[in-house]
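For reference, positions follow the sequence shown, starting with 1.
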Amino acid sequence: MNKKVSHSVTLQKLFNLMATKDSTSEKDLLCPKCSDIYCVPVVLKCGHNICKDCLQRFWEWKGCRECPVCGTVSPTLRPPIDLKLKIAADAYRAQNTGRTKDACALHNEKLKIFCKNDEEAICVVCQVSRQHKVHNCCPVEEAAREKKTEISAMLESLIKQLSVLNKTKQQWEETRTYIQTQSSQCETAIKEEFQKLHRFLWEEENTRLKALKQEETTKIQVMSKKIESIKEQISSLSFTISDTETALRANELPFLQNYKQTKKRIKCNVREPECVRDILINSAKHLGLLKFGIWKNMVNIISYAPVIFDPNTAQSNLKFSHELTCVQHSSRQHLPDNPERCTTNVCVLGTTGFKSGKHSWTVEVGQGTDWYIGVARESIKRKNTAFFIPAEGYWVISLRNGNSLCAQTSPTTFSQITMKPKLDRITVELDYEKGKVVFINAADSTVMHTFKDRFAERIFPYFSPGVYKDWKNSSPLTICPLKITVDVE
């Protein structure tokens with residue numbers, strides 16, 4: 001206890017000695033860089049003091065070992081600690097630890113002023129000091145209102161950002177779950193399609209094995225009959241030879257007595273064995289180009305559509321066939337709001353976009369009374385409503401209320417299209433280089449409407465099957481399959 005008291009007295013005496021020796025000793029305890037009481041003061045070659053941490057940060061920012069006060073370069077990376085100054089600074093800090101928080105650490109005056117330049121509360125003495133006298137200052141009450149408003153705005157921004165992050169997190173979690181669901185659905189569909197292929201191959205295998213077995217049975221029966229026939233010939237001829245040999249071993253008179261009969265028997269007509277042709281299994285028929293034959297027969301169970309719907313772009317009220325060639329309005333599904341998805345219009349895009357060449361596809365509209373068919377550019381507004389006009393990236397024709405067929409070319413201009421009594425299938429022809437989109441009635445190949453424009457980005461097939469109050473009675477849009485042929489060159 002006596003040692004602690006003695007040490008405290010020594011520090012106090014040292015501090016008092018410094019204060020007596022120099023009336024500005026308190027100011028001398030301020031670091032010229034951070035304007036705070038020295039923490040671990042070091043002394044540079046030029047004689048200036050500065051906090052060790054302040055000096056290191058200044059050197060890292062400056063990129064060289066200059067003195068922050070006069071610019072003199074220090075020869076060493078580790079200038080020595082000014083022990084006397086450190087002791088004085090520690091003593092001053094220890095002496096003022098009992099001061100209230102609302103008092104100035106240097107002058108023990110109330111903190112009534114706020115320095116806007118340094119953004120700190122100061123006392124009236126600090127305000128007139130060299131450090132703050134040219135700074136913009138105001139009362140702490142006024143500054144508190146201003147800064148609280150500022151912080152409140154910043155806090156509101158952070159709250160909004162937090163809300164966005166939480167919403168995004170939720171969307172991403174839903175997307176992760178949907179990816180698993182989507183994968184499971186795709187897996188089920190793939191298995192079903194392969195079951196069809198397996199069934200086809202199994203039936204094809206059975207048919208071919210049955211044909212092979214039938215050929216085997218038929219030819220075995222033929223050969224069995226022929227073998228039975230030749231066996232009878234062999235038996236008869238063997239019996240004749242045996243009797244003749246017996247006759248030859250008889251004495252002269254018995255031999256001659258039976259001569260006529262023996263001669264008659266030995267002169268029997270022996271038929272030459274038949275030459276059996278085409279009796280072997282026709283291996284060439286069963287094995288020749290076996291895989292090609294199976295593939296050729298597979299044409300009857302597969303189809304090819306030039307356009308496939310992309311469900312990742314579809315509005316959530318659309319339902320698709322397994323092979324993604326048929327779409328119709330249905331009950332709402334819970335789908336992730338990914339960037340590619342159209343959320344406002346009940347529509348879907350094709351999977352493949354075009355940046356060149358000629359392309360065509362035919363759409364079966366069925367009994368639909370409200371639909372849109374055509375093409376759209378990649379940059380259409382997928383989350384907002386838009387006019388279905390070329391200026392906004394749509395080149396489409398539409399049927400409304402089952403009797404109004406038209407093409408919209410501007411927000412107020414509609415080109416009416418003559419509608420035949422029955423419109424079942426529409427062919428869309430896209431010529432990217434010529435900037436043409438042609439709509440043709442597939443029934444009689446008459447041109448219904450033609451758009452002419454200039455394309456500057458990727459163009460996608462566009463489909464909207466319409467909205468139905470009772471979605472169970474909705475009419476689908478179907479991509480018509482192309483005829484598949486197997487040619488050999």
Do Ile301 and Leu197 have side chains that get closer than 4.5 Å, going by heavy atoms? yes
How about Asp370 and Tyr468: do any of their side-chain heavy atoms sit closer than 4.5 Å? no
Using a 4.5 Å cut-off on heavy atoms from C-beta on, say whether the side chain of Cys54 contacts that of Pro68. no
Which heavy-atom pair separates Gly353 from Phe460 by the least distance, and what is that distance? N-CE2, 3.3 Å
Keeping Asn117 on the side-chain end and Asn136 on the backbone end, is there a donor-acceptor pair under 3.5 Å? yes
Set of ring pair (Phe, Tyr, Trp, His ring centres under 6.0 Å) partners for Tyr394, sequence neighbours left out: Phe388, Tyr462
For Lys52, which residues count as a salt bridge (Lys or Arg N to Asp or Glu O under 4.0 Å) partner, sequence neighbours excluded? none
Ser356 versus Glu433: any side-chain heavy-atom pair under 4.5 Å? yes
side-chain hydrogen bond (donor to acceptor under 3.5 Å, both in side chains) against Trp395, all qualifying residues, sequence neighbours excluded: Asp453
Donor-acceptor pair, Gln408 side chain versus Phe387 backbone, under 3.5 Å? no
Scan residues 181-204 for pairs that pass salt bridge (Lys or Arg N to Asp or Glu O under 4.0 Å), counting only residues two or more places apart or in two chains. Glu187-Lys191, Glu193-Lys196, Glu204-Arg208
A side-chain contact here means heavy atoms from C-beta on lying under 4.5 Å apart; do Ile397 and Ile426 qualify? yes
Kindly indicate whether the side chain of Leu201, heavy atoms from C-beta on, has any atom under 4.5 Å from the side chain of Ile294. yes
With side chain to side chain donor-acceptor pair (under 3.5 Å) as the criterion, how do Ser475 and Gln367 come out once you've worked through the C-alpha distance, each side chain's angles and the decisive distance to 0.1 Å? CA-CA 6 Å; Ser475 182; Gln367 303 300 318; over 6 Å; no
Measure across Ser415 and Thr409 and return the closest heavy-atom pair with its distance rounded to 0.1 Å. OG-CG2, 4.1 Å
Is a side-chain donor or acceptor of Ser464 paired with a backbone partner of Val346 at a separation under 3.5 angstrom? yes
Between the side chain of Ser183 and the main-chain N/O of Ile179, is any donor-acceptor distance below 3.5 Å? no
Contacts of His286 that satisfy ring pair (Phe, Tyr, Trp, His ring centres under 6.0 Å) - sequence neighbours left out: none
Within the side chain of Gln333, is there an N or O that forms a donor-acceptor pair under 3.5 Å with the backbone of Leu318? yes
Between atom NZ of Lys381 and atom OG1 of Thr343, what is the distance when rounded to the nearest 0.5 Å? 13.0 Å
Are Val307 and Val428 packed together at the side-chain level, in the sense that at least one heavy-atom pair is separated by less than 4.5 angstrom? no
Side-chain heavy atoms of Leu289 within contact of Lys296, under 4.5 Å: no
Backbone of Asn312 reached by a side-chain donor or acceptor of Asn338 within 3.5 Å: yes
For Arg65 and Ser74, indicate whether the former's side chain and the latter's backbone hold a donor-acceptor pair under 3.5 Å. yes
Closer than 4.0 angstrom, basic N to acidic O: yes or no for Lys213 and Glu216? yes
Hey, are Lys86 and Asp90 close enough for a salt bridge, meaning a charged N less than 4.0 Å from a carboxylate O? yes
Suppose we screen for ring pair (Phe, Tyr, Trp, His ring centres under 6.0 Å). Which residues come up paired with Phe354, at least two apart in sequence or across chains? His359
Pairs touching residues 439-448 that satisfy side chain to side chain donor-acceptor pair (under 3.5 Å), sequence neighbours left out: Lys420-Asp444, Asp444-Thr446
With sequence neighbours left out, write down each residue that passes side-chain hydrogen bond (donor to acceptor under 3.5 Å, both in side chains) with Glu323, or none if nothing qualifies. none
Work out which heavy atom in Ser330 is nearest to a heavy atom in Lys319; give both atom names and the distance. CB-CB, 3.7 Å
Quick one: side chains of residues 119-130, donor-acceptor pairs under 3.5 Å with protein atoms, not counting sequence neighbours, listed by atom name and distance.
residue : atom : partner : partner atom : Å
Ser129  : OG   : Cys126  : O            : 2.5

Between Glu146 and Lys116, does any side-chain N to carboxylate O distance fall below 4.0 Å? yes
Using the six-membered ring wherever Trp is involved, compare the ring planes of His132 and His135 and label them parallel, tilted or perpendicular (cut-offs 30° and 60°). perpendicular
Parallel, tilted or perpendicular: ring planes of Phe451 versus Phe439, cut at 30 and 60 degrees: perpendicular
Pairs in or reaching into residues 336-357: which pass salt bridge (Lys or Arg N to Asp or Glu O under 4.0 Å), with residues at least two apart or in two chains? Asp337-Lys383
Asp53: side-chain hydrogen bond (donor to acceptor under 3.5 Å, both in side chains) partners, not counting sequence neighbours: none
Sequence neighbours excluded, every pair satisfying side chain to side chain donor-acceptor pair (under 3.5 Å) that has a member inside residues 170-181: Lys169-Glu173, Gln170-Glu174
